[in-house]
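What follows is a single structure, written as structure tokens, with notes after it.
The first residue in the sequence is number 1, and the count goes up from there. Just follow the structure's listing: the first ligand is 1, and inside any ligand the first atom is 1.
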Amino acid sequence: MKNGNVDLHLHTTASDGSYSPRGIVQYAKKNGLVAVGITDHDDISGLEPAIDEGDKIGVEVLPGVELSTKYKKGTMHILGYMIDPGNESLNDALTDLKNARITRNKKIIEKLTDLGMNITLEEVKEEAKDGSVGRPHFANILLRKDYVGNYYEAFNKYLKKGGPAYVDREKLTIEEAIELIRSASGIPVLAHPHSLKIERRKKLEAFIKPLIEYGLGGLEVYYSRHTKPQTETYKKIARHLDLLITGGSDFHGKNKPGVKIGVGKGNLDLQYHLVENLLSENSS
Ligand code: AMP
Ligand code: ZN
Ligand code: FE
Ligand code: FE
């Protein structure tokens, strides 16, 4: 049996992380990780180079993705592990989502311009390199141009949901996201359940239960922002509903200051058995 630390929730420059797909695998190795999950927002273009790098230097790379879904009360993300990167319906859906982001980005630029800021679409594209553009890229530019004093202020003042420069983008329904991942041979996992903003265990469990009918397979119990009591609650729910337990930091490099690879905010210590559980689920 393989041993060692893992991190199953990482972002690269294919979405809004600051490390390249190859670079993040090297960085994972440097930090002693034996396996990682690459889970970019709505984008799987980083998987091939990351897997190739992992083969070269000896880090197991699990192909993943993180899909945003429609959810009014807070944020709902579905992680997909062990997806087939060549799956046609997945690729078609991701192309549509990428196009929806472009439409949204133009609207964010308009709002920021109306608020008196000087920022262009070209600058945002440049900031995102070749990856899909997210709000962290806007935040970096606002910071660089001294419109805000730090990265988080860009969200709190302008970019957060309900903020003056916030624009909603086209999202999949929960059911669509789960079915899409299943159709690409992946395992759908409900990401960072704290962001659903359902505090009571009974209520949260009642919310998650019907998702299993759609094909949900796991719950991200371990996460940088989960408190100890939250982690315990989510673990109980996962066990009770017979969901796989996963965990990860949601590391974005410099695009999420305070979150470190492998350890999150110092609260994570994820072992290889989490990977084994995913692999055995996928082959059964
Ligand atoms: P987007 O995909 O463009 O909607 O951007 C989502 C990303 O923005 C998330 O993955 C976070 O990294 C970041 N983000 C969203 N809300 C906040 C917030 N309130 N503070 C800091 N970062 C945030
Ligand atoms: Zn992100
Ligand atoms: Fe997320
Ligand atoms: Fe994430």
Short list, please: which atoms of ligand 1 are under 4.0 Å from a heavy atom of [X]?
{"X": "Arg169", "value": "1 (P), 2 (O), 4 (O)"}
{"X": "Pro136", "value": "5 (O), 7 (C), 8 (O), 12 (O), 13 (C)"}
{"X": "Gly134", "value": "3 (O)"}

Region of [X] engaging ligand 1 - heavy atom pairs below 4.0 Å:
{"X": "Asp250", "value": "neither"}
{"X": "Arg104", "value": "side chain"}
{"X": "Lys161", "value": "neither"}

When you check the side-chain N and O atoms of [X] and [Y], is any donor under 3.5 Å from an acceptor?
{"X": "Tyr81", "Y": "Glu281", "value": "no"}
{"X": "His77", "Y": "Glu66", "value": "yes"}
{"X": "Arg225", "Y": "Ser195", "value": "no"}

request  = Answer yes if the ring centres of Tyr19 and Phe251 are under 6.0 angstrom apart, and no otherwise.
outcome  = yes

Ring centres under 6.0 angstrom apart (Tyr71, Phe207) = yes

query = Under a 4.5 Å cut-off applied to non-hydrogen side-chain atoms, are Arg104 and Arg135 in contact?
reply = yes

remark   = In terms of its nearest heavy atom to atom 2 (O) of ligand 1, the top option of Arg101, Lys160, His41 is Arg101

message = Out of Tyr166, Tyr152, Phe155, who is nearest to atom 17 (C) of ligand 1 when you count heavy atoms only?
response = Phe155

query = Would one find more than 12 heavy atoms of other residues, nucleotides or ligands at under 6.0 Å from atom NZ of Lys254?
reply = yes

ask   = Taking everything shown except Gln271 itself, do over 12 heavy atoms lie less than 6.0 Å from its CD?
value = yes

Look at [atom] and say which protein heavy atom is nearest, naming residue and atom and giving the distance to 0.1 Å.
{"atom": "atom 7 (C) of ligand 1", "value": "Asp16 OD2, 3.5 Å"}
{"atom": "atom 6 (C) of ligand 1", "value": "Arg135 NH2, 3.8 Å"}
{"atom": "atom 12 (O) of ligand 1", "value": "His252 NE2, 3.5 Å"}

key: Any donor-acceptor pair under 3.5 Å from Asn282 side chain to Gly186 backbone   = no

query = ligand 1 and Asn156, any nitrogen or oxygen pair closer than 3.5 angstrom?
reply = no

query = According to a 4.5 Å side-chain heavy-atom criterion applied to Ile, Leu, Val, Met, Phe, Trp and Tyr, with indirect links allowed, do Tyr27 and Val259 form part of one hydrophobic cluster?
reply = no

query = Which atom, among the N/O/S set of Asp250, is closest to the Fe ion (ligand 4)?
reply = OD1

message = Quick check: of its N, O or S atoms, which one does His77 have closest to the Fe ion (ligand 3)?
response = ND1

inquiry  = Rounded to the nearest 10°, what angle sits at the Fe ion (ligand 3) between NE2 of His192 and OE2 of Glu66?
reply    = 100°

4.0 Å heavy-atom contact, His11 with ligand 1 = no

query = Any N/O/S of His252 under 2.8 Å from the Fe ion (ligand 4)?
reply = no

N, O or S from His41 under 2.8 Å to the Fe ion (ligand 4) = no

query = Should Arg201 and Glu232 count as an ion pair when the cut-off is N to O under 4.0 Å?
reply = no

